[in-house]
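What follows is a set of notes on a single structure, which appears directly below.
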Amino acid sequence: MYSMTNPTSSRAQAADTEERTRDKVLHAVLEHGPVSAAELGEILGFTPAAVRRHLDALSRGGLIEIKLVTNSASGAGRPARRYVLSRQGQSKLGDDYLVIARDALNALSEAAGEEAVAVFARRRYADMEQRYRPVVEAAGPEIEARAEALARALSEDGFVGSTTVVGQKSPHSTMLAVQLCQGHCPIQQLAAEFPAFCDSETEVFARLLGVDVRRLSTLSSGGHVCTTHIPVGRTRSAVRDSEPAPGTRRVSINLQERP
């Protein structure tokens, strides 16, 4: 007796495996983007050919796009190709109840005015502030540590948070700042129509960190990530001339003066 394999079933299984693998690549771009194809291969353990096949498919589907990134240390050389999620890709991983939420907020605005929407947004983020405050407070008084704790809390909630220390060197000190990035926003399209959500989130970050912060970019306004600029202050820590330019490395703060 011969064992017969159903060709249709085999093709369906192969297509399902391919789709699951492609979803892994999409989520890796979300978590690590902007990221190169080579970096994705190392992260996922895929061959370069396999990674590029999935990246090409995701790009054709409009779920990812290419961002050209220059060398942050010198600005010289040919820009490198990095992959990030597109607006469509963000939406694919976003809120399934977007249409219902948009209709409800439009009705609220029409009935009670735009301020009512702002009040709703502040109430929504009040819960975030209450949950995050113990985590941020436990990190201690240093702003950099508090920002890192905030990024971890955001990641646990699916916002894919990360921090980068940047600085501008002068003869006697270095002015430092932290850039807090969020790679995913589940209400991106909603925030594009109702910016009160982004405003309320920014206000929460400022209160949690204890300093005035500034939004440099948001996903809802077309940015590749949400980026919040957090001033740290001046440090008199020595920075060796042989070290890379500020902005390409982490800087340890020893003596801090608030600006």
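Just so it is clear, the values below take in all heavy atoms, side chains as well, and ignore hydrogens, waters and symmetry mates.
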**Report entry** Cluster overlap Val213 with Leu208, hydrophobic side-chain contacts below 4.5 Å
**Finding:** yes
Query raised in the report: Is a side-chain donor or acceptor of Gln182 paired with a backbone partner of Cys226 at a separation under 3.5 angstrom?
Result: no
Report task. Using modelled atom types only, decide if a donor and an acceptor are shared between the side chain of Ser217 and the backbone of Val225 within a distance under 3.5 Å. Result -> yes
Under the rule for salt bridge (charged side-chain N to carboxylate O under 4.0 Å, His left out), what residues qualify as partners of [X], not counting sequence neighbours?
X      : value
Asp56  : none
Arg214 : none
Asp212 : none

List for me each residue that meets side chain to side chain contact (heavy atoms under 4.5 Å, CB included) alongside [X], sequence neighbours excluded, and say none if there are none.
X      : result
Ala121 : Ala196, Phe197, Ser200
Glu110 : none
Ala104 : none
Val160 : Leu30, Glu31, His184

Query raised in the report: Any side-chain heavy atom of Thr227 sitting closer than 4.5 Å to one from Thr218?
Result: no
**Report entry** Val165 vs Glu144 side-chain heavy atoms within contact, under 4.5 Å
**Finding:** yes
For residues 36-50, which side-chain donor-acceptor pairs fall under 3.5 Å, sequence neighbours excluded?
from: Ser36; atom 1: OG; to: Glu39; atom 2: N; distance (Å): 3.1
from: Ser36; atom 1: OG; to: Glu39; atom 2: OE1; distance (Å): 3.3
from: Glu39; atom 1: OE1; to: Ser36; atom 2: N; distance (Å): 2.9
from: Thr47; atom 1: OG1; to: Ala50; atom 2: N; distance (Å): 3.2

Query raised in the report: With sequence neighbours excluded, what pairs up with Tyr132 under the side chain to side chain donor-acceptor pair (under 3.5 Å) test?
Result: Asp157
Query raised in the report: Where is the tightest heavy-atom contact between Ala177 and His229, given as atom of each residue plus distance?
Result: CB-CE1, 3.3 Å
Query raised in the report: Where is the tightest heavy-atom contact between Ile143 and Val211, given as atom of each residue plus distance?
Result: CD1-CG1, 3.4 Å
Requested in this report: Any pair with a residue in residues 193-207 that passes salt bridge (Lys or Arg N to Asp or Glu O under 4.0 Å), sequence neighbours left out, goes on the list, sorted by first then second residue, please.
Outcome: Arg102-Glu193, Glu129-Arg207, Glu201-Arg215
Query raised in the report: From Ser59 OG over to Arg52 CZ, what is the distance, rounded to the nearest 0.5 angstrom?
Result: 12.0 Å
Requested in this report: Could you tell me the separation between the CZ atom of Arg133 and the CD atom of Gln130, rounded to the nearest 0.5 Å?
Outcome: 10.0 Å
Side-chain donor-acceptor distances from residues 149-156 under 3.5 Å, at least two apart:
from: Ser155; atom 1: OG; to: Ala151; atom 2: O; distance (Å): 3.2
from: Ser155; atom 1: OG; to: Gly161; atom 2: N; distance (Å): 2.8
from: Ser155; atom 1: OG; to: Gly161; atom 2: O; distance (Å): 3.1

Query raised in the report: Which residue pairs satisfy the side-chain hydrogen bond (donor to acceptor under 3.5 Å, both in side chains) criterion with at least one member in residues 111-124, sequence neighbours excluded?
Result: Glu115-Arg122
Query raised in the report: Is the CZ atom of Arg22 crowded by more than 12 outside heavy atoms at less than 6.0 Å?
Result: yes
